[in-house]
There are 2 protein chains.
Amino acid sequence: MTDVAAPTGRIGDTILRHWREAVPNDRLAHLVKDATRGLTRALQARLAAQSVSFGHWVFLRILWEADGVTQRQLSAQAGLMEPTTYSALTAMEKLGYVERRKLPHSRKNVYVFLTPRGRALKAKLVPMAEEVNEVAIRGVPPEDVAATRRTLLTMIENLARDEAALDQGGNQKDA
Amino acid sequence: MTDVAAPTGRIGDTILRHWREAVPNDRLAHLVKDATRGLTRALQARLAAQSVSFGHWVFLRILWEADGVTQRQLSAQAGLMEPTTYSALTAMEKLGYVERRKLPHSRKNVYVFLTPRGRALKAKLVPMAEEVNEVAIRGVPPEDVAATRRTLLTMIENLARDEAALDQGGNQKDA
DNA sequence: CGAAAATGTTTAGACCTCTAAGAATAATCT
DNA sequence: AGATTATTCTTAGAGGTCTAAACATTTTCG
C-alpha cells in the first residue's frame, strides 16, 4: 500500500547542454519551469522513502504550522483549488495522517486535524526539504539568491495582476 | 471542438501576502514553484484564445525550430518522458497540427512533421509568449534578471547531479 | 545466420491539478 | 418566517505528467 514511486526519469544532459548553450533572450519562463521540475523531483525522491507523496507534503507542511482549519482555508494557503485539496485530504485521511471533523457550530465546514502519526512525520520530512534547498543553491552566491528571491516575488505579483486584468477585461458576458 | 478552457482560479491575495510577510530562510522552492504556476497560467490564458493547450505549445515551439525529428528526440528536447510526448503528439495529429510518418529506412522510428496549419500558429503564438515574459519581469532590474538566470541554471545543474547521485547510490538491487 | 541486447513506440495505470456544476448549509434581507 | 444569496464541500470529467511494462524493430556478436 501507499505505493509512492520515486521518479527515475532522466533530466538528460540534453537539457543541461541546451541551457548552457543557447539561452536566448526570453527563455526565463523555461528556466523557472525546469528548476521547479528539478526541485520537485528531488523532494519527491526523498519523500518516497517515507511513502509520502509530494501532494501530501504540501498540506502537511501547512498543517504542522496550524491545524484545525477548514478545507477552504487550506486551499487558500496552499494556493490550490478546492477539489485538489479535497482529494488530497480524503486520501490523507485514509492513510491516517489527518482527521476531518465537523464541529458543532457548523455542519458545513470541515475542519482538518493532524493525527499523531501525521504530526510525527514532520521530524523526518522537514530535514529532507531543507536538504533539497541546500543542494539546489550550492555554489550560488548569497547575493544572487537574494536577487532571485526579489525577482521571483515580483514576477508572481506581476502575473497575479495580469491574471486579474485578463479576468476583468476579457470576460464580460455583457456590458 | 478543441475546447481549451482558460483558467479562472484566483491566485489569491492570500498567497501574495504570504510571500511578502514571512519569507523564511528556505522557501526558495516555493517561490520558484509559484512563479512557474503564474507563468503557466498567464500563457495558458492567452493560448486558449487560439484553442491551443499548454501541453501542445511545448512541442510546437520545438518543431518550429526543426521538424522531422523522432518522438524520442522530441521527448529529450522537451525534457519530458516518451508517453507524455506520445499522447501530446497523437492529440496534435488529430487536431491537424502535425503529421507522424514512418520513413522508408526505418519502420521503428516515428518522424514528426508540422502541417502548414501547425506552422502557421507560430506567428500568433510566439508574440503571446513574449508578452508573458515581458509582463512577468516588468519592473525588475536587468541585473536581477541576470542573477536569476544564473541562479536557476546552477540550481538545475545541481539538482540534475543530485538526481544522478541518488540513482547511483540509492538503487542497488544487490551489491 | 540466429540469439541476445539495445532502441523506440505504445499501452496501462497512477497522481496531481484544474474547471464546471451539483448539493448542503448558513447568512441576509424583505 | 421565508425566499434569495453566499459559502463550503463534493462530484464529474478532463489535461498533463510520470513509472512500469509490453511490443516492435534494429543492431550486435558469437
Side-chain angles (χ1 to χ4, degrees), chain A residues 1-11 33-34 36-37 40-41 44-45 47-48 51-59 69-76 78-93 95 100-112 167 171, chain B residues 1-11 33 36-37 40-41 44-45 47-48 51-59 69-76 78-93 95 100-112 163 167 171:
Chain A
M1 70 171 64
T2 315
D3 178 23
V4 179
T8 62
R10 250 303 89 57
I11 290 191
K33 201 180 179 196
D34 278 3
T36 296
R37 289 163 55 87
T40 301
R41 298 174 74 90
Q44 228 164 30
L47 293 177
S51 297
V52 172
S53 78
F54 187 80
H56 297 170
W57 155 261
V58 171
F59 293 102
V69 295
T70 67
Q71 292 189 176
R72 172 161 274 264
Q73 291 173 313
L74 227 27
S75 301
L80 297 173
M81 295 296 110
E82 281 84 356
T84 307
T85 306
Y86 174 80
S87 58
L89 287 176
T90 51
M92 290 167 74
E93 184 168 44
L95 291 171
R100 291 155 73 246
R101 279 210 298 274
K102 303 208 174 189
L103 299 188
H105 70 83
S106 164
R107 262 178 306 170
K108 190 168 56 165
N109 299 26
V110 174
Y111 295 87
V112 182
D167 279 1
N171 270 2
Chain B
M1 68 173 66
T2 315
D3 178 23
V4 179
T8 62
R10 250 301 93 57
I11 289 191
K33 199 179 181 198
T36 296
R37 289 163 57 88
T40 301
R41 298 172 75 91
Q44 226 164 31
L47 292 177
S51 297
V52 171
S53 78
F54 186 80
H56 297 170
W57 154 262
V58 170
F59 292 102
V69 296
T70 67
Q71 292 189 175
R72 172 161 273 263
Q73 291 173 313
L74 225 29
S75 301
L80 297 173
M81 295 296 111
E82 280 84 356
T84 306
T85 306
Y86 174 80
S87 59
L89 287 176
T90 51
M92 290 168 74
E93 183 169 45
L95 290 172
R100 290 154 74 246
R101 279 211 299 272
K102 302 209 174 188
L103 299 188
H105 69 82
S106 164
R107 263 178 304 171
K108 189 170 55 167
N109 300 27
V110 174
Y111 296 87
V112 182
E163 189 173 344
D167 279 3
N171 270 2

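It should be emphasised that the depicted structure is a prediction, and the values quoted were computed from it without experimental measurement. Convention: sequence-line order gives letters A, B, ...; per-chain numbering from 1.
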Mind calculating the distance between [atom1] ([X]) and [atom2] ([N]) to the nearest angstrom?
X        : N      : atom1 : atom2 : result
B:Lys102 : C:dT10 : NZ    : P     : 6 Å
B:Leu80  : D:dG16 : CG    : P     : 11 Å
A:Gln44  : C:dC15 : CD    : C1'   : 9 Å
B:Leu47  : C:dC18 : CG    : P     : 18 Å
B:Arg41  : C:dC16 : CZ    : C1'   : 14 Å
B:Glu163 : D:dT19 : CD    : P     : 8 Å
B:Asn109 : D:dT25 : CG    : C1'   : 9 Å
B:Arg107 : D:dA24 : CZ    : P     : 12 Å

Report yes if a side-chain nitrogen or oxygen of [X] is closer than 4.0 Å to either non-bridging phosphate oxygen (OP1 or OP2) of [N]; otherwise report no.
X        : N      : answer
B:Thr84  : D:dC18 : yes
B:Ser106 : D:dT26 : yes
A:Arg72  : D:dT10 : no
B:Arg100 : C:dG8  : no
B:Gln73  : C:dG8  : no

[X] has a side chain; which of [options] sits nearest to it?
X        : options                : result
A:Tyr86  : C:dC18, C:dG8, D:dT10  : D:dT10
B:Met81  : D:dC18, C:dC18, D:dT10 : D:dC18
B:Pro83  : D:dA20, D:dT17, C:dT19 : D:dA20
A:Arg37  : D:dT17, D:dT10, C:dC16 : D:dT17
A:Thr70  : D:dT7, D:dC9, D:dT19   : D:dC9
A:Lys108 : C:dG8, C:dT25, C:dT10  : C:dT25

Which pair of heavy atoms, one from [X] and one from [Y], lies closest together, and at what distance?
X        : Y        : result
B:Ser75  : B:Glu82  : OG-CA, 3.6 Å
B:Leu47  : B:Phe54  : CD1-CA, 4.0 Å
A:Ser106 : A:Lys102 : O-CB, 4.3 Å
A:Trp57  : A:Val52  : N-CG1, 4.1 Å

>> According to side-chain contact (heavy atoms from CB on, under 4.5 Å), who are the partners of B:Arg100, at least two apart in sequence or on a separate chain?
In response: B:Gln71, B:Tyr86, B:Leu89, B:Thr90, B:Glu93, B:Val110, B:Val112
> Who pairs with A:Arg101 by salt bridge (charged side-chain N to carboxylate O under 4.0 Å, His left out), at least two apart in sequence or on another chain?
Replying inline: A:Glu99
> With nearest nucleotides of DNA chain D determined for B:His105 and A:Tyr111 from heavy-atom distances, which residue corresponds to the more 5′ nucleotide?
Replying inline: A:Tyr111
> When the nearest nucleotide of DNA chain C is assigned to B:Gln71 and to A:Ala88 on a heavy-atom basis, which residue is associated with the more 5' position?
Replying inline: B:Gln71
